[in-house]
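Everything numeric here is computed off the predicted structure, so don't read it as measured data. We're numbering straight along the sequence, starting at 1.
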Amino acid sequence: MTGNAASSGVSCEQPVPAWADPQFFDDINSPILWCGGKDANNSDLLVAKLKMNRDTAAKVTLAIDPVWAWSDLWQAGPTDLATMAAAAELPKNPFDKRQYLVQPFGEMHFGFNRAALEELYYGNSGKPLIQVETGWFYTAAATIWSQIGGLAGGDSPITAVASTMALMECGHELLTIGARGTAVDAYRKALACLGTDQAKDAVHRGVRTLLADRYPHLSGGWITVYAQKILSKFGLIGLGIGTAGISLKIFSAIGDSTLSDDVRQFRFTPSVSAIKASAEKARLSRSVPGMPEELKGKWCSHSIPGDCFSANEYLAKYPGFRFHSSSPARGVLQATDYVFCLELDLGDSCTTAMTIYLRYFPPGVAWDCVKIEVVGEGWPGCNPDYTSEHDASEPRVVKLLNHQHGTNYSDAIPMYSLG
């Protein structure tokens with residue numbers, strides 16, 4: 001499914017921007033509900049929204065930094081998992097700054113810049129813009145979260161921070177554990193750990209550090225009182241949940257992991273029109289390797305419409321177009337002859353048929369066909385003779401013939417820079 005999924009249970013008020021064609025799975029029964037749209041205040045921002053459709057938590061990983069983020073739990077930008085882990089003083093931080101924990105049935109919104117999105121797409125990384133991952137750790141976090149919320153007076157950001165840090169302290173092995181039975185045992189060990197004074201002290205320090213940084217307007221005393229209210233409930237967690245209940249809670253979430261990865265991914269793709277525009281821009285912006293500075297731009301004749309030279313236009317038509325060499329122009333002091341190859345059909349050079357010979361006249365260098373070619377080189381005459389077309393006060397280029405076939409010298413018409 002692409003675009004704005006109005007039926008998905010999460011809504012985007014604005015349509016998808018014309019330059020985007022986001023891809024996501026749209027099904028009201030899916031574990032993750034998605035929609036895409038544009039930012040109402042900035043058409044160069046793509047808005048991506050997700051909503052958990054299960055009674056479990058999950059890790060949300062972003063491929064690029066968002067311009068802004070919002071969580072219904074925080075009612076503002078969410079705190080990332082790496083920051084939580086750092087505050088928890090874990091010896092090894094398994095998270096990064098683009099990873100977040102979303103609560104059961106929680107909702108998160110992100111705004112992404114067009115330039116960053118296109119860099120992600122054209123960089124061929126293959127990464128989804130947003131990846132949602134469930135697992136033992138996040139399911140356990142949801143269980144602890146919901147229980148503490150019930151015991152300590154509601155589902156708040158502080159409850160979320162305390163629950164997540166608690167599991168980082170006591171249940172970090174759930175991040176990498178594989179076997180189901182082992183996971184249940186690890187979960188029960190984590191619950192027992194949470195009731196110890198050592199765990200409570202560690203979590204208390206982490207919660208205070210994080211909340212003091214995030215909410216500088218709150219007093220240290222208030223944070224301590226509220227944190228202690230939550231931490232005092234840790235010993236009660238799981239008292240009413242037997243092994244079967246734990247297994248059911250964990251296995252129901254893990255069951256979603258058998259679904260296709262597409263269900264849990266939001267991918268960015270430019271629209272067809274944006275891809276075409278980008279391709280055209282790239283085509284026009286390509287440059288010829290080693291192109292002499294003085295020949296850049298487009299050069300055209302004053303008297304013959306359409307008689308022009310542009311290295312970039314040749315490159316667009318002949319992808320193998322290359323600058324080959326240069327030398328002083330024969331018989332014309334200070335002028336330079338340049339050789340270009342439409343294709344290097346001889347390996348490191350090209351046949352005459354694939355060659356363009358160009359002569360460059362800097363300002364102040366005149367051209368006199370009769371004087372140079374008839375008197376100087378012995379030709380019977382110049383026909384045609386474009387001497388009068390030369391304005392020596394301006395730089396000019398002429399495209400020389402690959403072969404002189406007639407009795408007389410065939411002159412080339414000068415072209416002037418269009419910038």
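- Within the 4.5 Å cutoff, the side chain of Pro395 has heavy atoms near those of the Tyr360 side chain.
- Using modelled atom types, no side-chain atom of Trp34 and backbone atom of Val10 make a donor-acceptor pair closer than 3.5 Å.
- You'll find the side chain of Phe95 stays beyond 4.5 Å of the side chain of Leu101, heavy atoms only.
- Defined by atom type and a distance below 3.5 Å, a donor-acceptor pair is missing between the side-chain atoms of Asp261 and Gln131.
- Side-chain atoms of Gln23 come within 3.5 Å of backbone atoms of Asp21 as a donor-acceptor pair (strictly under, hydrogens ignored).
- Between Val16 and Pro22, the shortest heavy-atom distance links the atoms CG1-CD, 3.5 Å.
- Shown here is Gln334, whose CD atom has no more than 12 heavy atoms of other residues, nucleotides or ligands within 6.0 Å.
- A distance-only check finds no donor-acceptor pair linking the side chain of Ser260 to the backbone of Val263 [under 3.5 Å].
- The CZ atom of Phe25 sits 4.5 Å away from atom CG of Asp27, with the distance rounded to the nearest 0.5 Å.
- Note that CZ of Phe323 is 8.0 Å distant from CG of Leu295, once rounded to the nearest 0.5 Å.
- Panel note: side chain Asn93, backbone Ala82; a donor-acceptor pair is recorded below 3.5 Å.
- Taking the ring centroids of Trp299 and Phe309, they lie at or beyond the 6.0 Å cut-off.
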Assess whether side-chain hydrogen bond (donor to acceptor under 3.5 Å, both in side chains) is satisfied between Gln103 and Asp72, documenting all intermediate values. CA-CA 9 Å; Gln103 80 275 21; Asp72 63 343; 3.0 Å; yes
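- The shortest side-chain heavy-atom distance between Phe112 and Ile130 falls under the 4.5 Å cut-off.
- The two residues Lys97 and Thr83 come nearest to each other via the heavy atoms NZ-OG1, 2.8 Å.
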Mind running salt bridge (charged side-chain N to carboxylate O under 4.0 Å, His left out) on Lys317 and Glu313 for me, showing each step along the way? CA-CA 6 Å; Lys317 187 175 181 180; Glu313 290 180 7; over 6 Å; no
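- Note that NZ of Lys59 is 7.5 Å distant from CG of Leu81, once rounded to the nearest 0.5 Å.
- Considering only heavy atoms from C-beta on, Glu343 stays 4.5 Å or farther from Phe321 through its side chain.
- Using modelled atom types, one side-chain atom of Ser301 and one backbone atom of Ile304 make a donor-acceptor pair closer than 3.5 Å.
- A donor-acceptor contact closer than 3.5 angstrom links the side chains of Glu389 and Ser303.
- A donor-acceptor pair under 3.5 Å links the side-chain atoms of Ser271 to the main chain of Ala18, judged by distance alone.
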Given Val398 and Phe361, is the side-chain contact (heavy atoms from CB on, under 4.5 Å) satisfied, shown in steps? CA-CA 8 Å; Val398 298; Phe361 295 85; 4.0 Å; yes
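- Side chain to side chain, Ser393 and Asp391 meet the donor-acceptor criterion of an N or O pair below 3.5 Å.
- With no hydrogens or angles considered, a side-chain donor-acceptor pair links Asp345 and Thr351 at under 3.5 Å.
- Residues Phe340 and His324 keep their aromatic ring centres 6.0 Å or farther apart.
- Annotation: Glu119, atom CD; neighbour count of heavy atoms from other residues, nucleotides and ligands within 6.0 Å does not exceed 12.
- Note that the CZ atom of Arg54 and the CD1 atom of Ile32 stand 8.0 Å from one another [nearest 0.5 Å].
- A 4.5 Å side-chain heavy-atom check between Asp262 and Phe24 finds every atom pair outside the cut-off.
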Quick one: do Asn113 and Leu46 satisfy side-chain contact (heavy atoms from CB on, under 4.5 Å)? Show the steps, please. CA-CA 7 Å; Asn113 177 269; Leu46 173 68; over 6 Å; no
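- Minimum interatomic distance between Val332 and Ala366 (heavy atoms only, all atoms of both residues): CG1-O, 4.2 Å.
- Considering every non-hydrogen atom in both Phe110 and Ala69, the closest pair reads CD2-CB, 3.6 Å.
- At a threshold of 4.5 Å between non-hydrogen side-chain atoms, the residues Asn53 and Pro31 do not count as touching.
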What's the verdict on side-chain contact (heavy atoms from CB on, under 4.5 Å) for Tyr122 and Ser278, showing C-alpha distance, side-chain angles and the deciding distance? CA-CA 10 Å; Tyr122 291 111; Ser278 178; 3.4 Å; yes
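- Summarising the geometry of Ala57 relative to Thr134, their closest heavy-atom pair is O-CG2, 4.2 Å, with the distance given to 0.1 Å.
- Taking CG of Leu259 as the start and OG of Ser30 as the end, the distance is 7.5 Å to the nearest 0.5 Å.
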Report the C-alpha separation of Thr336 and Glu294 in whole Å, then their side-chain angles, then the decisive distance to 0.1 Å, and conclude whether the side-chain contact (heavy atoms from CB on, under 4.5 Å) test is met. CA-CA 11 Å; Thr336 305; Glu294 60 268 22; 5.7 Å; no
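- Note: Ile356 CD1 to Arg322 CZ = 13.5 Å, rounded to the nearest 0.5 Å.
- The main-chain N or O of Val132 is never found under 3.5 Å from a side-chain atom of Gln265 such that the two would form a donor-acceptor pair.
- Taking the six-membered ring for Trp, Tyr357 and Tyr338 have ring centres at least 6.0 Å apart.
- Using a cutoff of 4.0 Å between basic side-chain nitrogens and carboxylate oxygens, Lys49 and Glu13 are scored as salt-bridged.
- Side-chain contact check for His390 versus Arg396: some heavy-atom pair is nearer than 4.5 Å.
- Checked against Val102 for a side-chain contact (heavy atoms from CB on, under 4.5 Å), the options Lys51, Glu107, Met108 give a single hit: Met108.
- At least one donor-acceptor pair under 3.5 Å links the side chain of Arg98 to the backbone N or O of Ala63.
- Scanning all heavy atoms of the two residues, the minimum distance from Cys369 to Thr387 falls at N-OG1, 3.0 Å.
- Contact annotation: the side chain of Gln14 never approaches that of Val47 to less than 4.5 Å [non-hydrogen atoms, C-beta and beyond].
- Below 30°, between 30° and 60°, or above 60°: for Tyr121 and Phe268 the angle between ring planes is above 60°, a perpendicular geometry.
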